[in-house]
Amino acid sequence: MLAAAATCKVSTDLSRDIAIEVRAPDSLEEYDTLKPTARVLTGHGDSSATAVFWFSPDSAIAVLDSTTGRTVVIHTGQTGRLVASGGGLVSNPLVIRTLAAADTAFPAGPTLDTVDIAGTTALDSLSDSLKIEIADTITAGAGGDSIVPLAGRPVIYTIVHPALAGPVTLVTLDTTHALATIDTAASNISGVAFVKLRLLAPDTIPDSVVVVASAQRANHAVVPGSPDTFVVRFRGVAVADTLFAAGPLGDTVHTSAVPPDSLSDSLSVAVGDTAAATGSITPLPGRAVVFAITAPQTTGPVTLVTNDTARTLVTTDTVLTDARGVAAVQLRLIAGPAPGSVEVTASAKRGVSARLPGSPVRFTVRFEP
């Protein structure tokens, strides 16, 4: 980002120098060099040949060469003013923020991820975030070094394998599908930069993809700890094509039972893959099913539970199918009076978008004295 400033001298002679126009970035990183530009303007708005000299009245920055304005950081985390003068004119000061240089980069999460690919249509293949943290290490007294996250620092991600461009792409937004084998992500307020990996050509699924992340300082020096390598593996799994109830769709809870409790029977659904030739269904474990209380709409009287001792209010819960391909919740009254009935729906998706056939399955639980 460039900043500009000018100081004028009133004169009726338009051929005289009347202003200095100055430009420079609004920040400067430690170990980097800033080179501002300036020109002296006449009353006609033309540039004159008047020499310009640079100085700073502050200790945060230092002008190493007054004729070129070459400036470096002396104290980080501060601001310094940069001023130009020439022909009897003095510019308005440019305010320069001084930034600490990153001195460490390291993975901020797993460096290995596995993406399950189920079929070639209506599915997604978005990996987990490939995270790099950028930080400055400062001495924190007797307690040792302390890590200070640095925001706004670039990390360059590159797909190095497979060498053929096209099967996969780097994305910084979950909705992106454009091909990018090299991308730059900036660190956030927590000092973390990240991209994800998406499969673009499901008919040519690679066994694995290798991504290298490299962080650089403003002066292009590589940040210590960089580059880092991530591996994303793709694994084909069966396509889920059906969701169905694995037990009764209704239950009645008697609140006067002894001992007193209001726990319903299990509300169970199964996720499976249907064989086209025989119509038989293969149960699929590890598939997410979302259970939600849809009525009554007032939260509080009842909760979904996945273990018999739970009593915390939960109106929506995601449960993975077990080895039988079954996911289940129960319903418990946690605040009286009991509603006449409660409706719970169970839904599943194929990938991240297509709703699984059979969704939603609706359960009704009645409460009676």
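Keep in mind the model is a prediction, meaning the values are calculated, not measured.
- Put simply, the side chain of Ser187 gets close to the backbone of Gly152: a donor and an acceptor are under 3.5 Å apart.
- Under the side-chain contact (heavy atoms from CB on, under 4.5 Å) criterion, Ser129 pairs with Lys131, Phe194, Lys196, not counting sequence neighbours.
- One N or O on the side chain of Thr278 and one on the backbone of Ser280 form a donor-acceptor pair closer than 3.5 Å.
- Residue Gly272 comes nearest to Leu284 through the heavy atom pair C-CD1, 3.9 Å, listed as atom of the first residue, atom of the second, then distance.
- Not a single donor-acceptor pair under 3.5 Å links the side chain of Ser214 to the backbone N or O of Pro227.
- Of the possible polar contacts, one joining the Asp241 side chain to the Thr274 backbone as a donor-acceptor pair under 3.5 Å is found.
- To the nearest 0.5 Å, the span separating CZ on Arg153 from OG1 on Thr184 amounts to 15.0 Å.
- For the pair Leu82 and Thr71, the minimum side-chain heavy-atom distance is below 4.5 Å.
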Decide side-chain contact (heavy atoms from CB on, under 4.5 Å) for Ile132 and Phe230; before the verdict, give the C-alpha distance in whole Å, the side-chain angles of both, and the deciding distance to 0.1 Å. CA-CA 10 Å; Ile132 291 291; Phe230 297 87; 3.8 Å; yes
Let me see the working for Ser266 and Ser268 under side-chain hydrogen bond (donor to acceptor under 3.5 Å, both in side chains), right down to the final yes or no. CA-CA 6 Å; Ser266 292; Ser268 304; 4.7 Å; no
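- Taking CG of Asp174 as the start and CG of Leu126 as the end, the distance is 5.0 Å to the nearest 0.5 Å.
- For the atom pair OG (Ser226) and CZ (Phe106), the distance works out to 12.5 Å, reported to the nearest 0.5 Å.
- The minimum heavy-atom distance linking Phe291 with Ala346 is given by the pair CE2-CB, 3.6 Å.
- The main-chain N or O of Val361 is never found under 3.5 Å from a side-chain atom of Thr345 such that the two would form a donor-acceptor pair.
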Identify all side-chain donor-acceptor contacts of residues 323-334 below 3.5 Å with residues at least two apart in sequence or on another chain.
unit_1 : atom_1 : unit_2 : atom_2 : d
Arg324 : NE     : Asp322 : OD2    : 3.1
Arg324 : NH2    : Asp322 : OD2    : 2.7
Gln330 : NE2    : Ser264 : O      : 2.8
Arg332 : NE     : Asp261 : OD1    : 3.4
Arg332 : NH1    : Asp308 : O      : 2.8
Arg332 : NH1    : Ala310 : O      : 2.5
Arg332 : NH2    : Asp261 : OD2    : 3.1
Arg332 : NH2    : Asp308 : O      : 2.6

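- Smallest separation of non-hydrogen atoms from Ala240 and Leu356: O-CD1, 3.1 Å.
- Under the 3.5 Å distance criterion, the side-chain polar atoms of Thr98 are matched with a main-chain donor or acceptor of Gly77.
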The test is side-chain contact (heavy atoms from CB on, under 4.5 Å); show your working for Phe234 and Leu199 and say whether it passes. CA-CA 9 Å; Phe234 291 92; Leu199 182 68; 4.1 Å; yes
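- Judged as a side-chain contact (heavy atoms from CB on, under 4.5 Å), and not counting sequence neighbours, the contacts of Ser59 are His75.
- Side-chain contact between Thr37 and Val22: absent, with no pair of heavy atoms (C-beta onward) separated by less than 4.5 Å.
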Determine whether Thr312 and Thr303 satisfy the following criterion, side-chain contact (heavy atoms from CB on, under 4.5 Å), listing intermediate values before the conclusion. CA-CA 7 Å; Thr312 304; Thr303 184; 5.8 Å; no
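- Side-chain contact between Val168 and Val232 is absent, with no heavy-atom pair separated by less than 4.5 Å.
- Contact detail for Ala38 and Val52: the closest heavy-atom pair is CB-CG1, 4.0 Å.
- Here Leu173 contributes atom CG and Arg198 contributes atom CZ; the two are 9.5 Å apart, rounded to the nearest 0.5 Å.
- The side-chain contact (heavy atoms from CB on, under 4.5 Å) with Ile20 is formed by just one residue from the set Val83, Val90, Leu89; it is Leu89.
- Rounding to the nearest 0.5 angstrom, the gap separating the CG atom in Leu94 from the OG1 atom in Thr79 is 12.5 Å.
- Residues Ala100 and Asp136 share a closest heavy-atom pair of CB-OD2, 3.6 Å.
- A 4.5 Å side-chain heavy-atom check between Val342 and Pro296 finds at least one atom pair inside the cut-off.
- Counting Ile, Leu, Val, Met, Phe, Trp and Tyr side chains that sit under 4.5 Å apart, directly or through other members, Leu112 shares a hydrophobic cluster with Val160, Val210, Val212, Val231.
- In this structure, CG in Leu34 is found 12.0 Å from CD in Glu29, a value given to the nearest 0.5 Å.
- With side-chain heavy atoms closer than 4.5 Å counting as contact, directly or through intermediates, the hydrophobic cluster containing Val305 also holds Leu263.
- Side-chain N or O atoms of Ser56 include one that pairs as donor or acceptor with a backbone N or O of Arg81 at under 3.5 Å.
- Residues Val302 and Leu249 fall within the same hydrophobic cluster, defined by Ile, Leu, Val, Met, Phe, Trp and Tyr side chains chained together at heavy-atom separations under 4.5 Å.
- Side-chain atoms of Gln216 and Pro154, non-hydrogen and from C-beta on, never get closer than 4.5 Å to each other.
- Linking Ile, Leu, Val, Met, Phe, Trp and Tyr whenever their side-chain heavy atoms come within less than 4.5 Å leaves Val223 and Leu99 in two separate clusters.
- Within the 4.5 Å cutoff, the side chain of Arg355 has heavy atoms near those of the Pro360 side chain.
- At least one donor-acceptor pair under 3.5 Å links the side chain of Thr321 to the backbone N or O of Arg287.
- Side-chain heavy-atom separations under 4.5 angstrom define the hydrophobic clusters, and Leu164 shares its cluster with no other residue.
- By the 4.5 Å heavy-atom criterion applied to side chains, Thr111 and Thr229 are not counted as neighbours.
- A donor-acceptor pair under 3.5 Å is absent between the side-chain atoms of Tyr31 and the main chain of Arg217, judged by distance alone.
- Closest heavy-atom contact between Thr318 and Ala288: CG2-CB, 3.8 Å.
- Put simply, the side chain of His161 never gets that close to the backbone of Ile159: no donor and acceptor are under 3.5 Å apart.
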Apply side-chain contact (heavy atoms from CB on, under 4.5 Å) to the pair Phe244 and Ile281, showing each step before the final yes or no. CA-CA 11 Å; Phe244 56 93; Ile281 297 176; 4.0 Å; yes
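- In the model, Thr294 has a side-chain atom that pairs as donor or acceptor with a side-chain atom of Glu343 under 3.5 Å.
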